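Written below as structure tokens is the structure these notes are about.
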Amino acid sequence: MKVRLENLTKKFEEVVAVNNAGIEFEEGKLTGLLGPSGCGKSTMLYLIAGLFKATSGKIFFDDEDVTKMQPEKRGIGLVFQNYALYPHMTAEQNIMFPLLNLKVSKKEAKERARKMAELVHIDELLNRKPGQMSGGQQQRVAIARALVKEPRILLLDEPLSNLDARLRLEMREEIKRIQRETGVTTIFVTHDQEEAMSISDQIVIMRAGFLQQIATPREMYDNPVNEFVAKFLGNPPINLLHASVTAGKIDVGGFEIDAGKLENMDILVGIRPEVFKIDAKSTVQVEIQAFEYFGRETLLFVVFGDDMARVLIDSDFPCEKGETVGLALKNRDMLFFDSEGLRIYV
Ligand SMILES: Nc1ncnc2c1ncn2[C@@H]1O[C@H](COP(=O)(O)OP(=O)(O)O)[C@@H](O)[C@H]1O
Ligand SMILES: [Mg+2]
């Protein structure tokens, strides 16, 4: 089922947590809802779930206006960051709970709980209580509990935040697999750009209550609408280098770029660290100020025009602090931003 927000606003007194949002969450897809802490992600999720009442605007599930519908009628499965399992119940009882609430027979509830447990790979653990399971296993139980009612939409609010780094990687692949197998329309809230990039079909990025961009991970990375989105995606982050346009040319650290019809102005040039390459013959020579070795790749910090730039290269290239190297650009577009951080297209 498709979820559509129309001019959706939620105010908490003077705080506008969600500001006039118009968004379509695609049917059967996994949408990553991404943005820094406090930007309104959870609020948007709880508006969709019906736990918060909208201040204004509308929410549609397909063509049905659900803005005023009671939460329990919406057919939502919700998973929280802290799992929120009942500690005195076994995994099986936790998963069955929503069904017993709906007056499904005990026999059928048990059957459906077992199916869900198989889907999330915890069928061996059904007799354990939450305290006897790892964080990842508890999160699987929470996902099974959310899915057992066969919801129309699965909403996950930072479900991996309490897990350690390795388990997070494993669980995000699991969530992707479970989403694919069930085909349920899913909204996955995270503040972690890499997490959103890795599992989403579509990313929605927010800032201070405002929608910034909706796009596939690749489109958003390659073609951000503004400096905020460009900076939010990618690690190591994009370089934003000061440059000016003079007489139809942009000079950025010695590279000269055709400025098209741009008038004389100061701009920021966005260059992703991996877009640079080492080229001994280049006319642009820079000094390595420092470097970080990551194994497969090495990150160089170099003085570039008036800025320090990050340059990501293959570790095959031996480098030393203080050494001077030639820099070239791979054949990829650079991004230009004005002083307000808005994208300029040349
Ligand atoms: N129940 C509430 N009462 C008052 N303010 C709230 C409430 N919930 C959220 N807020 C405020 O709304 C804004 C968005 O919060 P939230 O949706 O939780 O952000 P996120 O999930 O992106 O971290 C924040 O400024 C937060 O303080
Ligand atoms: Mg939140």
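Since we're looking at a predicted model, the values are computed, not measured. Note that ligands are numbered from 1 as they come in the structure, with each ligand's atoms numbered from 1 the same way. Values below: every heavy atom of this structure, side chains too, minus hydrogens, waters and symmetry copies.
- Listed for the Ser315 side chain is a donor-acceptor partner under 3.5 Å among the backbone atoms of Arg296.
- The Mg ion (ligand 2) has Ser42 among its coordinating residues (N/O/S atom, backbone or side chain, under 2.8 Å).
- Between Phe337 and Phe228, the ring centre distance reaches or exceeds 6.0 Å.
- Aromatic rings from Phe52 and Phe12 are positioned such that their centres are separated by under 6.0 Å.
- For Tyr86 and Phe97, the ring centers sit closer than 6.0 Å to each other.
- A side chain to side chain contact (heavy atoms under 4.5 Å, CB included) with Leu233 holds for exactly one of Leu34, Ile238, Asp222; it is Leu34.
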Pairwise, report which nitrogen or oxygen atoms of ligand 1 are under 3.5 angstrom from protein nitrogen or oxygen atoms, and how far apart they are.
residue	atom	partner	partner atom	Å
ligand 1	17 (O)	Thr43	N	2.9
ligand 1	17 (O)	Thr43	OG1	2.5
ligand 1	19 (O)	Gly40	N	3.2
ligand 1	21 (O)	Ser42	N	2.9
ligand 1	21 (O)	Ser42	OG	2.8
ligand 1	22 (O)	Cys39	N	3.2
ligand 1	22 (O)	Gly40	N	3.0
ligand 1	22 (O)	Lys41	N	2.9
ligand 1	22 (O)	Lys41	NZ	2.8
ligand 1	23 (O)	Gly38	N	2.6

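- If you run salt bridge (charged side-chain N to carboxylate O under 4.0 Å, His left out) between Glu174 and each of Arg172, Arg177, Lys176, only Arg177 comes through.
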